[in-house]
2 protein chains.
Amino acid sequence: MATLLPDSPAAMTAGTAAPALETLIAKGKPRYRTATEFVEATLRDGILSGQIPGGTPLRQEDLAHQFGVSRMPVREALRQLEAQALIDFAPHKGAVVTTISAADAADLFAVRLALEPAALRLSLPHLTPEDLLRAADSIADMDGERDLNRMGDLNRQFHMTLYFRANSPRLLALVEQHMAVFDRYLRFELAALGWDHLKQDDHRALLDACHDKDIPRAETILTDHLRYADQALRTFFAKRDGQIP
Amino acid sequence: MATLLPDSPAAMTAGTAAPALETLIAKGKPRYRTATEFVEATLRDGILSGQIPGGTPLRQEDLAHQFGVSRMPVREALRQLEAQALIDFAPHKGAVVTTISAADAADLFAVRLALEPAALRLSLPHLTPEDLLRAADSIADMDGERDLNRMGDLNRQFHMTLYFRANSPRLLALVEQHMAVFDRYLRFELAALGWDHLKQDDHRALLDACHDKDIPRAETILTDHLRYADQALRTFFAKRDGQIP
DNA sequence: TATTGTTCAATTGGATCCAATTGAACACTT
DNA sequence: AAGTGTTCAATTGGATCCAATTGAACAATA
């Protein structure tokens, strides 16, 4: 069976090997209830993990063939991805994976800086000792982790544990969605900051502040934490994009 | 042709007359490029304006018949509305318009309180004199407006004018989307606050602060403005829901 | 009678077919 | 040769048909 994205422009400019969609499909199969769910979840994972790079055109027929379904569930899945701003969908022209960029990273941080401190502020007073233990476990798990995608999951899990009691479903959904989108930049953040000191000090300090129920301190730590990553990414992109010409 | 929602449970409990979808369809027709766009935009307007109340089941066949299209563009439109959290979509069970509630209103304000001050903070330094003039025009237009939906549009237009220079597309899209969703609560806010003093003082004070490029003051005014509406809606719902038993 | 099993109409999910649009290569005019 | 109009393959949008699922009414059993 043909592989997806063998000669997408983004794949070529990035110089990365073109991954086959089969690996994504073969992954953990949570027994999707509909083909649309299956296609949507698989494509989203592929995009967020970076396996389907920005700029990749998503041909309906190709996707249908590779997923072993007809074009209809593919179309429904693409509609949902469009609403999540993961693909651009132009009438009669087709879908293209949205590109990532320094400007988009800054944009994303602006959203996270708006959402996450708000979620933390609402959640912190209701956090239970069990919640804090789970958060501590997430930190411990991150210490030994070397896989980028799993690291992203753990990081998201840690933060979401702290936000979880916010009792604000819309806010939490937005936070989670944008943290997931940020996974697309995780490899760059890694390149900018390095593996080991990947903000674990911040995580522990944040957890301490939550333990003390100190809202202003926790908010400050979280805000600085995000700003620091934002700044690191900015300088990284500035250096990288300065080299090109 | 049959009318939509003649006996939806929500319409009955709300006691409102069941509106026909034709009025929505006949409205301004911006020459949609695809049937999916047409269906999606029309349904979203209907839901946000309150003409299609929460709890309404959206039967694919009915919608297709009333829009004069097949079920396929209806299904694609429903997928997009699902991603916008305007409908609930359960496999093999169909779509239902999400219900509004006091809890959801509080949730929505939590999101707006997180997003809008952030957008204002980023935008304010770049606002031009022309922007401020346009914002002043919006305020003036609101003074004479008596139509609820147009009032919502003007209010959104005023706020978006002030946020517009934030240079953060994701953030702005979220702000606009959630202001639009808030239109579903506009009738309740009106009932809680009354027509005339509908926050116009706040609007003028906010514009003044923007004119002075006073970020802290502008943020305080905006935050208080939102908190005030939030509180008014809370007490309104508390009173209304207390009457029921 | 309460409970469980079963049938069946209503509705959605998915596949296939046809129509409409795009854009790029080609021919044509000036 | 530059620009313009035209044809046509590739691709998406939309319609129709069939399959799968749901749940509610009904029947059977303990």
Side-chain angles (χ1 to χ4, degrees), chain A residues 1-10 21 25 29-43 52 55-83 86-98, chain B residues 1-2 4-10 21 25 29-44 52 55-83 86-98:
Chain A
M1 193 178 290
T3 58
L4 184 66
L5 341 163
D7 47 4
S8 75
L21 194 55
I25 297 176
K29 280 199 183 184
R31 294 292 178 277
Y32 298 101
R33 288 170 300 177
T34 65
T36 300
E37 271 186 11
F38 168 52
V39 174
E40 194 262 348
T42 308
L43 282 180
I52 306 176
T56 306
L58 298 177
R59 212 76 54 200
Q60 296 178 8
E61 188 97 33
D62 293 349
L63 294 175
H65 190 253
Q66 292 177 55
F67 280 106
V69 299
S70 81
R71 269 178 51 215
M72 164 145 344
V74 171
R75 279 162 66 173
E76 285 186 308
L78 291 179
R79 286 291 174 191
Q80 289 183 284
L81 295 174
E82 182 198 20
L86 293 180
I87 65 175
D88 289 327
F89 210 152
H92 294 104
K93 293 191 60 179
V96 178
V97 179
T98 54
Chain B
M1 191 179 290
L4 184 66
L5 339 164
D7 47 4
S8 74
L21 193 55
I25 297 176
K29 279 198 183 184
R31 293 291 178 281
Y32 297 101
R33 288 171 300 177
T34 65
T36 300
E37 272 186 12
F38 168 53
V39 174
E40 194 263 346
T42 307
L43 281 180
R44 192 182 54 224
I52 305 177
T56 306
L58 299 178
R59 212 76 55 199
Q60 295 178 8
E61 189 95 33
D62 293 348
L63 295 175
H65 190 254
Q66 293 176 55
F67 280 106
V69 300
S70 81
R71 269 177 52 216
M72 164 146 345
V74 171
R75 280 162 65 174
E76 284 185 309
L78 291 179
R79 286 291 175 193
Q80 289 183 285
L81 295 174
E82 182 197 21
L86 292 179
I87 64 175
D88 289 328
F89 209 149
H92 296 104
K93 292 191 60 180
V96 178
V97 178
T98 54

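Sequence lines set the chain letters: A, B, ... in the order given, protein chains first and strands last, and positions in each chain run from 1.
In this structure a side-chain-to-backbone donor-acceptor pair under 3.5 Å is present from T98(A) to L86(A). No donor-acceptor pair under 3.5 Å is formed between the side chain of T36(A) and the backbone N or O of A77(A).
Contact annotation: the side chain of L78(B) approaches that of L58(B) to within less than 4.5 Å [non-hydrogen atoms, C-beta and beyond]. In this structure, R75(B) and M72(A) have side chains that are in contact, with non-hydrogen atoms separated by less than 4.5 Å. No side-chain heavy atom of I87(B) sits less than 4.5 Å from a side-chain heavy atom of L43(B).
Across every non-hydrogen atom of R33(B) and P91(A), the tightest pair is CZ-CG, 3.6 Å.
Across all strands shown, R59(B) has heavy atoms under 4.0 Å from sugar-phosphate atoms exclusively, and none from any base.
Closest-nucleotide positions on DNA chain C for R71(A) and E61(B) were compared, and the one nearer the 5' end corresponds to E61(B). Map M72(A) and K93(A) each onto its nearest nucleotide of DNA chain D; the residue landing nearer the 5' end is K93(A).
Between E82(B) and R79(B), at least one side-chain N (NZ, or NE/NH1/NH2) sits under 4.0 Å from a carboxylate O, which counts as a salt bridge.
Ring planes of Y32(A) and F38(A): tilted class, angle from 30 to 60°.
For DNA chain D, the contact window with chain A, defined by any atom under 4.0 Å from a protein heavy atom, covers dT11(D) to dA15(D) in 5' to 3' order.
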Dot-bracket, 5' to 3', for DNA chain C please: Watson-Crick or G-U pairs under 3.5 Å, [ ] where pairs cross earlier ones, | where the partner sits on another strand, dots elsewhere.
||||||||||||||||||||||||||||||
